[in-house]
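Written below as structure tokens is the structure these notes are about.
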Amino acid sequence: MPSDGDVPPAAVAVAGGAHLLGFSDEILLHILTHVPSTDLVLNVRRTCRKLAELCLDKSLTHTVLLQKDYEVSEDKVRQLVKEIGREIQQLNLAGCYWLPGATIEHVARCHSLVKVNLSGCPLTSLRLSKMLSALQHLRSLAIDVSPGFDASQLSGECKATLSRVQELKQTLFTPSYGVVPCCTSLEKLLLYFEILDRTREGAILSGQLMVGQSNVPHYQHLRVFYARLAPGYINQEVVRLYLAVLSDRTPENLHAFLISVPGSFAESGATKNLLDSMARNVALDALQLPKSWLNGSSLLQHMKFNNPFYFSFSRCALSGGHLIQRVIDGGKDLRSLASLNLSGCVHCLSPDSLLRKAEDDIDSGILETLVTTCSNLRHLNLSAAHHHSAEGPGRHLCQLLARLRHLRSLSLPVCSVADSAPRADRAPAQPAMHAVPCGFGKKVRVGVQACPVPFSGQAGPQPSSVFWSLLKDVPFLERLELIGSNFSSAMPRNEPAIRNSLPPCSRAQSVGDSEVAAIGQLAFLRHLTLAQLPSILTGSGLVSIGLQCQQLQSLSLANLGMMGKVVYMSALSDMLKHCKRLKDLRLEQPYFSANAQFFQALSQCSALQRLCLVSRSGTLQPEAVLGFMARCLHVVVCHMFTGESLATCKSLQQSLLRSSFQNH
């Protein structure tokens with residue numbers, strides 16, 4: 001034990017009267033891994049001699065993660081680099097958009113850096129050149145390419161560093177090859193296309209601006225190619241230029257080829273040549289293609305796979321027969337497969353896609369083959385489709401998925417978790433109009449009961465439910481999405497907004513509060529999405545989740561209960577009181593009243609950082625918003641899209657800005 005002078009006042013007594021510092025160095029080092037790097041070096045290290053030594057252990061200073069750490073200031077970054085800059089080998093500053101370029105430039109002092117992520121950080125071509133010139137050991141880089149980027153400003157020393165980079169993540173906000181042509185040793189290339197079709201001045205952009213560039217990418221050593229496109233024709237035009245180079249000579253060692261495109265993306269002659277070349281010359285471990293490249297194509301029949309770990313066929317016209325024959329190869333052992341995305345593949349669990357209707361039952365034999373063959377799946381997405389199970393023991397989708405004991409994330413359509421037939425032990429759901437709390441939503445007609453007794457026991461988990469049994473058998477789920485098969489967000493990220501959304505699936509009517517309460521079994525749950533559950537009566541299942549899912553960090557709720565009514569306000573308020581680790585909350589609900597009751601409950605989410613409220617014809621109380629922001633000092637993003645007037649919104653915005661300036 002250290003002498004009394006070495007024990008910090010904050011050292012707390014544990015069982016048996018021992019101090020925290022009485023633990024072994026190994027245990028203390030493990031505890032310290034959960035402390036942010038800035039706190040370790042700038043605060044904890046100064047408490048006593050023992051912690052001063054431990055906080056500078058290489059296992060703690062080797063990697064510094066500051067991504068989206070909104071408490072990181074310019075001074076903290078400078079002090080951190082000054083104290084341990086020589087020891088840092090991996091540094092992540094992704095999303096630290098508030099740090100000026102002059103502060104980011106201090107990264108150049110970390111001469112041992114092997115991996116650095118600067119996505120979202122402001123950097124000019126000259127600053128990037130100066131910084132990279134000093135990082136001779138760099139092998140992994142992530143940056144943004146913004147308007148004004150000029151590769152000709154990169155120095156010879158900078159290009160020498162880039163020539164040794166093996167992994168590059170590049171986010172494009174302007175048509176450009178960025179630094180890709182300088183990275184002649186690339187093995188992994190991740191491209192994010194976020195280019196707007198027009199400039200701020202209204203000028204139309206064109207990818208043809210890149211044609212005259214003398215340097216083009218080098219892909220001869222490439223093993224992984226990934227491209228994710230935001231909506232817009234310009235992003236498709238620019239990615240074609242990257243692919244054109246790739247189609248000239250397909251890398252021999254290419255193992256993963258993934259392209260994520262919203263909407264349609266027509267196949268060109270160059271992309272067809274590329275795919276034909278891949279089918280002949282490479283064996284892939286991961287594949288994701290635009291749906292238009294796969295639909296009606298025999299590509300999967302000719303593509304060779306080695307030990308695949310990732311497949312995504314989102315929104316493809318892939319039948320169950322094709323899935324079994326061409327992907328799973330008739331039942332071939334695919335225990336290497338860790339992630340499978342079949343979102344929007346409406347026919348993937350039926351043998352014949354031409355004759356199947358949306359309301360028809362799935363073929364449980366296809367799903368059983370899938371589960372048996374891909375027994376080590378960790379991530380499975382079956383959303384955006386109607387997967388209805390037929391009656392019969394062991395044939396329900398939930399019963400078959402329960403065999404996937406390694407699952408960590410699961411996305412299902414609401415109708416897929418409904419029992420095949422109404423259970424005799426469950427009373428039929430009452431119409432949602434009888435469960436509308438007073439004061440929320442539209443006015444209720446005279447004669448309709450408006451204020452029932454809340455939480456009348458309808459949310460108790462029912463062990464006879466197939467959904468309850470599924471969650472019991474996959475207790476280590478960290479991410480769960482239960483989304484109506486016809487749901488479309490009013491503000492989607494990568495899809496066009498649809499005003500006239502389809503009504504919920506009829507089978508989703510039997511999924512209500514008790515099924516939501518069953519989610520409370522998932523003690524390790526971190527991310528939860530619930531959307532388009534029309535039979536939510538009181539939302540009492542949310543309380544069970546708040547009480548039992550103590551690791552929950554991200555929550556998204558959309559269109560729960562009868563449209564036009566907000567039936568779960570009281571339950572949501574009770575739930576939020578228990579969500580001490582919640583960082584992200586997104587609510588999408590028409591006629592939502594963001595009032596004092598809501599913000600008072602939300603104020604108890606002490607870790608909250610981001611709030612997004614989307615409510616057509618919704619209302620908000622500006623005073624309640626101001627009080628909430630004053631109490632929750634960690635909130636950095638507050639988006640509210642409601643039916644309030646523009647004058648009200650501007651007034652609230654000005655009040656929030658004045659309050660922010662006063663606090664700083």
Side-chain angles (χ1 to χ4, degrees), residues 285-288 305 307-314 318 320 323-324 327-350 361-390 392-420 461 463-483 485 511 515 518-530 549 551:
D285 295 331
L287 178 67
Q288 178 177 358
F305 301 108
N307 291 305
F309 63 87
Y310 178 91
F311 283 146
S312 177
F313 304 109
S314 179
L318 184 70
L323 179 66
I324 299 300
V327 180
I328 301 179
D329 196 13
K332 179 184 177 181
D333 185 358
L334 284 182
R335 282 180 291 182
S336 61
L337 193 65
S339 180
L340 178 61
N341 184 355
L342 296 172
S343 172
C345 297
V346 297
H347 306 297
C348 67
L349 298 181
S350 61
D361 294 335
I362 63 172
D363 186 331
S364 59
I366 293 175
L367 182 58
E368 187 166 13
T369 301
L370 175 65
V371 168
T372 303
T373 305
C374 311
S375 56
N376 289 331
L377 274 177
R378 295 173 64 87
H379 312 282
L380 178 62
N381 190 338
L382 293 173
S383 63
H386 297 270
H387 295 315
H388 300 166
S389 299
R395 299 180 62 190
H396 196 282
L397 177 140
C398 289
Q399 293 172 320
L400 294 171
L401 293 184
R403 302 180 190 178
L404 299 173
R405 302 301 176 92
H406 299 284
L407 278 180
R408 293 298 180 269
S409 72
L410 179 63
S411 184
L412 295 174
V414 175
C415 56
S416 72
V417 307
D419 284 349
S420 302
S464 58
S465 160
V466 289
F467 185 56
W468 187 93
S469 300
L470 166 63
L471 299 186
K472 180 176 180 294
D473 289 332
V474 288
F476 299 108
L477 271 184
E478 296 177 4
R479 180 185 295 271
L480 176 64
E481 295 181 345
L482 198 58
I483 303 173
S485 49
V511 179
E515 283 74 19
I519 298 172
Q521 299 176 87
L522 303 175
F524 298 95
L525 190 67
R526 294 176 180 270
H527 310 277
L528 174 62
T529 297
L530 300 173
C549 302
Q551 302 299 319

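Only this structure's heavy atoms are used, side chains among them; waters, hydrogens and symmetry mates stay out. Residues take their numbers from the sequence shown, with the count starting at 1.
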Exam field: side chain [X] to backbone [Y], donor-acceptor pair closer than 3.5 Å:
{"X": "S375", "Y": "V371", "result": "no"}
{"X": "R479", "Y": "L477", "result": "no"}
{"X": "D285", "Y": "N307", "result": "yes"}
{"X": "T373", "Y": "L370", "result": "no"}
{"X": "T372", "Y": "T369", "result": "no"}
{"X": "N376", "Y": "S336", "result": "no"}

Taking atom [atom1] of [X] and atom [atom2] of [Y], what is their separation to the nearest 0.5 Å?
{"X": "R378", "Y": "L407", "atom1": "CZ", "atom2": "CG", "answer": "9.5 Å"}
{"X": "L530", "Y": "L528", "atom1": "CG", "atom2": "CG", "answer": "4.0 Å"}
{"X": "F309", "Y": "H379", "atom1": "CZ", "atom2": "NE2", "answer": "11.0 Å"}
{"X": "C374", "Y": "L340", "atom1": "SG", "atom2": "CG", "answer": "6.5 Å"}
{"X": "S350", "Y": "D363", "atom1": "OG", "atom2": "CG", "answer": "8.0 Å"}
{"X": "L412", "Y": "L397", "atom1": "CG", "atom2": "CG", "answer": "6.5 Å"}

Write down the atom of [X], the atom of [Y], and the distance for their closest heavy-atom approach.
{"X": "H396", "Y": "S416", "result": "CE1-O, 3.2 Å"}
{"X": "R408", "Y": "R405", "result": "NH1-O, 4.0 Å"}
{"X": "S485", "Y": "P413", "result": "CB-CB, 4.2 Å"}
{"X": "L471", "Y": "Q521", "result": "CB-NE2, 3.7 Å"}
{"X": "E515", "Y": "F467", "result": "O-CE2, 3.4 Å"}
{"X": "V417", "Y": "C398", "result": "CA-SG, 3.8 Å"}

Subject >> L342 and its side chain to side chain contact (heavy atoms under 4.5 Å, CB included) partner, picked from L382, N381, V327 >> reply: L382
Original post:
Can you name the one residue among C345, C415, C348 that meets side chain to side chain contact (heavy atoms under 4.5 Å, CB included) with H387?
Top reply: C348
Subject >> Close side-chain approach of I519 to L525, heavy-atom, < 4.5 Å >> reply: yes
Original post:
Does the side chain of I366 reach to within under 4.5 Å of the side chain of I324, using non-hydrogen atoms?
Top reply: yes
Subject >> All side chain to side chain donor-acceptor pair (under 3.5 Å) counterparts of E368, not counting sequence neighbours >> reply: R403
Original post:
In chain order, what residues pass the side chain to side chain donor-acceptor pair (under 3.5 Å) check against Q399, with sequence neighbours excluded?
Top reply: none
**OP:** List for me each residue that meets ring pair (Phe, Tyr, Trp, His ring centres under 6.0 Å) alongside F305, sequence neighbours excluded, and say none if there are none.
**Re:** F311
Original post:
Under the criterion side-chain hydrogen bond (donor to acceptor under 3.5 Å, both in side chains), which of S409, S411, S343 is the partner of E481?
Top reply: S411
**OP:** Apply side chain to side chain contact (heavy atoms under 4.5 Å, CB included) to S339 and L377, showing your working.
**Re:** CA-CA 6 Å; S339 180; L377 274 177; 5.7 Å; no
**OP:** Please report the C-alpha distance between L287 and S312 in whole Å, then the side-chain angles of each, then the deciding distance to 0.1 Å, and finally whether the side chain to side chain contact (heavy atoms under 4.5 Å, CB included) criterion is met.
**Re:** CA-CA 6 Å; L287 178 67; S312 177; over 6 Å; no
